[in-house]
2 protein chains.
Amino acid sequence: MNIGSVAEKTGVPAKTIRYYEEIGLIPPAIRAENGYRHYGRNDVETLRFIQRARRLGFSVKDVGNLLALWRDKKRASADVKAFALNHIKEVERRIAELQSIRASLIHLTDRCHGDDRPDCPILDDLAKAVVLSQ
Amino acid sequence: MNIGSVAEKTGVPAKTIRYYEEIGLIPPAIRAENGYRHYGRNDVETLRFIQRARRLGFSVKDVGNLLALWRDKKRASADVKAFALNHIKEVERRIAELQSIRASLIHLTDRCHGDDRPDCPILDDLAKAVVLSQ
DNA sequence: ATAAGCCTTCCAGTTGTGGGAATGTCAAGA
DNA sequence: TCTTGACATTCCCACAACTGGAAGGCTTAT
C-alpha cells in the first residue's frame, strides 16, 4: 500500500505520516524499488491508534508513550490507567480555565449595552480594571 | 522607564514586549541616547490592556483589533460587543470539545481495572474501536 | 579595573502540521 | 509511443506566540 492509500484509510494526511516517521513516532517505512514507502496492515492499525489518541487530545509525545505501552504486552493495566487519568486531569484543568475565561467574558458583555453609543465597559475594563479576577 | 521596569509593572516579559513591537502590535518605542527603549505611562497602560485581553484568550491578532476599537473613541459599543460575543462562542466550542474528550477518556478509564494484569480496555479501544464517537 | 545587572540584536527551538517547489514514477488513453 | 494526470519523493518555508541563549554594549558601584 502506498502512503496515499494509508492516508485515506486512517485519516492521517500523507504529510503527517512522513512527519511521524521523521520524528520517530513510527518506524521508517519499507521502501519499494521506486523509493515509494510501502505499508501493510499493521501500519494502518498503528496509525489509526495514533489518530484516535490524538483526537483524545494526547500530545504526539504522549502518543509515543501510549504506543510503547500498547506494544508492551506485559505492562500492568494500572500504568495505562494512571497515564490516562493524568491526561484527564490536564483536560479538566484546561476546561476550568476556559470556563473561567468564559465567565469573565460574559460578565463583560452583559454590561455592554451594544448599541450605537461609543461607551463600552468591555474595553473600559480591559483598560483599567481587573476582570473577575481571583 | 526602561523595558525591565515596564515588564515588571505589566507582567509582560521584556522579550515579549520586544516581540509585540516587532510584529507591530505596539508602536516602536522611543529610544534613549544609548539605544535603550524608553516607555511612558501610556505604554504601560496599553501593555496592561494587552495582557488582560490575552488572559481572556484573545489571540494576538484579536488583541490588535481590540486595541484599534479601544483607540477609536467613536466606534459603536455594538461592534465591541459583537467581537466579544464571537470570542465567547469560540471559547464555548473549545469547552465543548474538551468535555467530549473528557467523557471519552472517563468512559475508557472506568472500564480499565487498573491493576497488575496486562489487559487494558483503554489501549484495546484505541487500537480497535471508535470511542464514544458520534 | 572589574563585576553585576541592565540593555541591545540576532538566531534557533518549540508543536503539529500545511503549502508549495522541483523532481521522479506509474498507468492509461490518443 | 507520447503525453497527460495522478501519484510519489525531498526540501524548505510558514504558522502562533513566544522563550532561550549567545555575543556584545552601557551604567553604576566597588
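Below, each value reflects all heavy atoms present in this structure, side chains not excepted, and no hydrogens, waters or symmetry copies. By convention in this document, chain letters (A, B, ...) are assigned in the order of the sequence lines, proteins followed by strands, and residues within each chain are numbered from 1.
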* Structure fact -> Here the distance between atom C1' of D:dC11 and atom OH of A:Y19, to the nearest Å, is 16 Å

* Nearest-Å distance, CG (A:L56) to C1' (C:dG16)? -> 17 Å

* Tell me whether the OP1 or OP2 atom of D:dA17 has a side-chain N or O from B:Y20 closer than 4.0 Å. => no

* Roughly how many Å is it from CD in A:E21 to P in C:dG16, rounded to a whole number? -> 18 Å

* B:V60, nearest nucleotide to its side chain (from D:dA17, C:dT17, C:dT25) -> D:dA17

* **d(CD1, B:I17; C1', C:dC7) in whole Å** => 13 Å

* To do: Look at all strands and tell whether B:R18 reaches a base, only sugar-phosphate, or nothing, counting heavy atoms closer than 4.0 Å.
  => base

* To do: Determine: side-chain N/O of A:R54 to OP1/OP2 of C:dT15, distance under 4.0 Å, yes or no.
  => no

* Asked: Is the shortest side-chain N to carboxylate O distance from A:E90 to A:R93 below 4.0 Å?
  -> yes

* **Residue met sooner reading DNA chain D from 5', once B:N34 and B:K61 are mapped to nucleotides** => B:K61

* Are A:R48 and A:E45 ion-paired here, with the side-chain N under 4.0 Å from a carboxylate O? -> no

* Just how far, in rounded Å, is C1' of C:dC26 from NE2 of A:H38? -> 16 Å

* Inspect the contact between B:E92 and B:K89 and indicate whether a charged nitrogen and a carboxylate oxygen are less than 4.0 angstrom apart. => yes

* From D:dT9, C:dT17, D:dA17, nucleotide with atom closest to A:R37 side chain -> D:dT9

* **Worked verdict on B:R71 versus B:T46 for side chain to side chain contact (heavy atoms under 4.5 Å, CB included)** => CA-CA 10 Å; B:R71 287 181 186 128; B:T46 300; 4.0 Å; yes

* Can you check whether B:G40's main-chain N or O pairs, donor with acceptor, with B:D43's side chain at less than 3.5 Å? -> yes

* Donor-acceptor pair (no angle test) under 3.5 Å: B:K15 side chain, D:dG21 base -> yes

* Choose from D:dC18, D:dC26, C:dG16 the nucleotide whose nearest atom is closest to any side-chain atom of B:Y36. => D:dC26

* To do: Give a yes/no answer on whether the side chain of B:T16 brings an N or O atom under 4.0 Å of OP1 or OP2 in D:dA17.
  => no

* To do: Would you kindly give the CZ-to-P distance between B:R94 and D:dA16, to the nearest whole Å?
  => 15 Å

* Any side-chain N or O of A:R31 under 4.0 Å from OP1/OP2 of D:dT10? -> yes

* Asked: When all nucleic acid strands are considered with a 4.0 Å heavy-atom cut-off, which category describes B:I3: base, sugar-phosphate, or nothing?
  -> sugar-phosphate

* **Between C1' of C:dG16 and CZ of A:F58, the distance in whole Å** => 17 Å

* **Spacing of A:I23 atom CD1 relative to C:dT15 atom P, expressed in whole Å** => 9 Å

